[in-house]
**Student:** 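One structure coming up, written as C-alpha cells, with questions to follow.
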Amino acid sequence: MCKDQAGSDKGECAPERTQELRTVNQKQQNQLMPLATLILLALTVLLIARNNDLIFQDKGELSVARDRGDPETIVFTWRNEVEAPMARRFEEAWREWKNEGDRVVIDLHSPGGAIAEGQEVIRIIERMKRTHIVDTRVRSRRACYSMCVPIFLQGEERFAASNATFMFHEPTAYDFYTGEKVDQPKFERDMMSRRFFDIYFVNSPMDPVWRDRLSREWKGKDLFYSAQELTDQNSNIVTVLE
C-alpha cells in the first residue's frame, strides 16, 4: 500500500481506492442481476395472469345447472362467440361437474368464431364422452353459425327447434394483431377451406350426400338453413326436431 509523507493512504493512492470500490460495486451488481431478473419474470407472469382475468371477467360466461326434469342431466349453456375463454370455461366447469350425473346437454347460441378455440372445446367434449352421454341443442329463435356447427355436431343426439338457424361458410383468415380480414391467395383459401371441411364435416355424422352438396355450394357464400329445412333435406345435422 502506498502512503503520503504524513503516513496517510490518501493522495496518490486515491485512484487505486476508487478502482477497488468500483470493482466491489460491479461484483455486487453482478450478484444481484440474476435475482432482479427472476423478480421481473415473476412480476411479468403475474401481470399477464391479472390482465387475462380483467379481459375475460365479464365475457363468455358459461351457465351450468342440472336439468329440471332430469337431475342426472347436466346442462352447459353457452351464449357467446366461439372465442376465448370458451374452452377455459368448459374445462373449469367439467372439472367441477365431471362426477355428477350421466348425461351432458350443451345448449348453444353462437355466431361462431375462432377455429382454434372451437377445436379446444371439441377436445373437452371428447373427454366428456368417456364417462357421459353428450347431446347438443339449439333452442327456438337461437342460432348456431360457422364454428358453432362443428361443436353442435359433437352431440350424440342433436336437438333443435324448427326455427333455430344454422349457417355454413368457408373459414376466413384474420390478422392476429389487428383482427382484420386477410386477403389470401386463392390457393391458400382453397387449402384452408378443404382442411376445415375434411376435419369437421367429413369426419362427422352429416349425411354424405348432403355434405357433397354443401361442398359445392358454400364457395364464397354464407348458407343459412333453419333446423326444419335441414331435417327436410335429410342432412342428419339435427336428429331431434323440437
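Side chains included, hydrogens not; waters and symmetry mates left out as well; all remaining heavy atoms used.
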**Student:** Output, in order, the C-alpha distance, side-chain angles, deciding distance and verdict of side chain to side chain contact (heavy atoms under 4.5 Å, CB included) for Phe168 and Tyr145.
**Tutor:** CA-CA 6 Å; Phe168 304 79; Tyr145 295 169; over 6 Å; no
**Student:** Same hydrophobic cluster for Leu214 and Val209, using side-chain heavy-atom links shorter than 4.5 Å among ILVMFWY?
**Tutor:** no
**Student:** Decide, yes or no, whether a salt bridge links Glu120 with Arg123 under the criterion of side-chain N to carboxylate O below 4.0 Å.
**Tutor:** yes
**Student:** Applying side chain to side chain donor-acceptor pair (under 3.5 Å), name anything that partners Arg103, two or more places apart in sequence or on another chain.
**Tutor:** Thr73, Asp135
**Student:** CZ of Arg66: more than 12 outside heavy atoms within 6.0 angstrom?
**Tutor:** yes
**Student:** How are the rings of Phe197 and Trp218 set to each other: parallel, tilted or perpendicular (split at 30° and 60°)?
**Tutor:** perpendicular
**Student:** Apply the test side chain to side chain contact (heavy atoms under 4.5 Å, CB included) to residues Val240 and Arg158: give CA-CA distance (whole Å), side-chain angles for both, the deciding distance (0.1 Å), then the verdict.
**Tutor:** CA-CA 6 Å; Val240 180; Arg158 298 175 295 282; over 6 Å; no
**Student:** Indicate whether any N or O donor in one side chain lies under 3.5 Å from an N or O acceptor in the other, for His169 and Asp222.
**Tutor:** yes
**Student:** Considering only heavy atoms from C-beta outward, does the side chain of Met86 approach that of Asn80 to under 4.5 Å?
**Tutor:** no
**Student:** Look up atom OG1 in Thr231 and atom CG in Leu241, then write down how far apart they are to the nearest 0.5 Å.
**Tutor:** 4.5 Å
**Student:** Using distance alone, with no hydrogens and no angle criterion, decide if Glu170 and Ser193 have a side-chain donor and acceptor under 3.5 Å apart.
**Tutor:** yes
**Student:** Do the side-chain N and O atoms of Asn163 and Ser226 include a donor-acceptor pair separated by under 3.5 angstrom?
**Tutor:** no
**Student:** CZ of Arg216 to CZ of Arg211: how many Å apart, nearest 0.5 Å?
**Tutor:** 11.5 Å
**Student:** Taking atom types as modelled, is there a side-chain donor on Gln119 or Tyr200 under 3.5 Å from an acceptor on the other?
**Tutor:** yes
**Student:** Charged N to carboxylate O under 4.0 angstrom, Glu217 versus Lys221?
**Tutor:** no
**Student:** Quick check for you: to the nearest 0.5 Å, what is the distance between Leu108 atom CG and Phe152 atom CZ?
**Tutor:** 8.0 Å
**Student:** Are Arg139 and Glu242 side-chain neighbours, meaning at least one heavy-atom pair lies under 4.5 Å?
**Tutor:** no
**Student:** What is the distance from atom CZ of Arg141 to atom OG1 of Thr165, rounded to the nearest 0.5 Å?
**Tutor:** 9.5 Å
**Student:** Please check this pair: side chain of Arg95 against backbone of Phe90, looking for a donor-acceptor N/O pair closer than 3.5 Å.
**Tutor:** no
**Student:** For Ala143 and Val138, which heavy atoms make the closest approach, and how far apart are they?
**Tutor:** N-CG1, 4.0 Å
**Student:** If you compare all heavy atoms of Ala164 against all heavy atoms of Ala160, which two are closest, and at what distance to 0.1 Å?
**Tutor:** CB-CB, 4.4 Å
**Student:** Using the rule side-chain contact (heavy atoms from CB on, under 4.5 Å), only one of Val149, Val82, Ile151 pairs with Ser110; which is it?
**Tutor:** Val82
**Student:** Do Ile106 and Val134 have side-chain heavy atoms sitting under 4.5 Å apart?
**Tutor:** yes
**Student:** Whether the side chain of Asn203 engages the backbone of Asp198 through a donor-acceptor N/O pair (distance < 3.5 Å, no angle test) should be reported.
**Tutor:** yes
**Student:** Salt bridge or not between Lys129 and Glu156? Use side-chain N to carboxylate O under 4.0 Å.
**Tutor:** no
**Student:** Let me check something: do Val238 and Met206 share a hydrophobic cluster, defined by ILVMFWY side-chain heavy atoms less than 4.5 Å apart, either directly or through other members?
**Tutor:** yes
**Student:** Are any of the side-chain heavy atoms of Ile115 and Phe196 separated by less than 4.5 Å?
**Tutor:** yes
**Student:** Is there a side-chain contact between Trp78 and His109 (heavy atoms, below 4.5 Å)?
**Tutor:** no
**Student:** Would you check, one step at a time, whether the test side chain to side chain contact (heavy atoms under 4.5 Å, CB included) holds for Val104 with Ile133?
**Tutor:** CA-CA 6 Å; Val104 174; Ile133 296 169; over 6 Å; no
**Student:** Measure across Ala227 and Ala161 and return the closest heavy-atom pair with its distance rounded to 0.1 Å.
**Tutor:** CB-O, 3.0 Å
**Student:** Under 4.5 Å between any side-chain heavy atoms of Ser215 and Phe201, yes or no?
**Tutor:** no
**Student:** Write down the atom of Asn236, the atom of Pro205, and the distance for their closest heavy-atom approach.
**Tutor:** ND2-O, 2.7 Å
**Student:** State plainly whether one hydrophobic cluster holds both Ile237 and Ile199, where clusters connect Ile, Leu, Val, Met, Phe, Trp and Tyr through side-chain heavy atoms under 4.5 angstrom apart.
**Tutor:** yes
**Student:** After noting the C-alpha distance and the side-chain angles of Trp210 and Leu230, does the key distance pass the side chain to side chain contact (heavy atoms under 4.5 Å, CB included) rule?
**Tutor:** CA-CA 9 Å; Trp210 196 91; Leu230 291 174; 3.5 Å; yes
**Student:** Check the pair Trp97 / His132 against ring-ring contact (aromatic ring centres under 6.0 Å, His included), numbers first and verdict last.
**Tutor:** CA-CA 11 Å; Trp97 289 86; His132 289 61; over 10 Å; no
**Student:** Could you name each residue pair satisfying disulfide bond (SG atoms under 2.5 Å apart) that touches residues 93-143, not counting sequence neighbours?
**Tutor:** none
**Student:** Arg79 versus Arg142: any side-chain heavy-atom pair under 4.5 Å?
**Tutor:** yes
**Student:** Would you say Arg88 and Glu117 make side-chain contact, with heavy atoms under 4.5 Å?
**Tutor:** no
**Student:** Would a hydrophobic clustering, with Ile, Leu, Val, Met, Phe, Trp and Tyr connected at side-chain separations under 4.5 Å, put Leu223 with Phe166?
**Tutor:** yes
**Student:** Applying a strict under-4.5 Å side-chain criterion to I, L, V, M, F, W and Y, I'd like to know whether Val75 and Val64 cluster together.
**Tutor:** no
**Student:** Find the distance between CG (Asp107) and CG (Leu62) and round it off to the nearest 0.5 Å.
**Tutor:** 10.5 Å
**Student:** Could you tell me whether Arg137 sits above the aromatic face of Phe159, with NZ or CZ closer than 6.0 angstrom to the six-membered ring centre and within 45 degrees of the axis?
**Tutor:** yes
**Student:** Rounded to the nearest 0.5 Å, what's the gap from CD1 on Ile122 to CE on Met128? Could you check?
**Tutor:** 12.0 Å
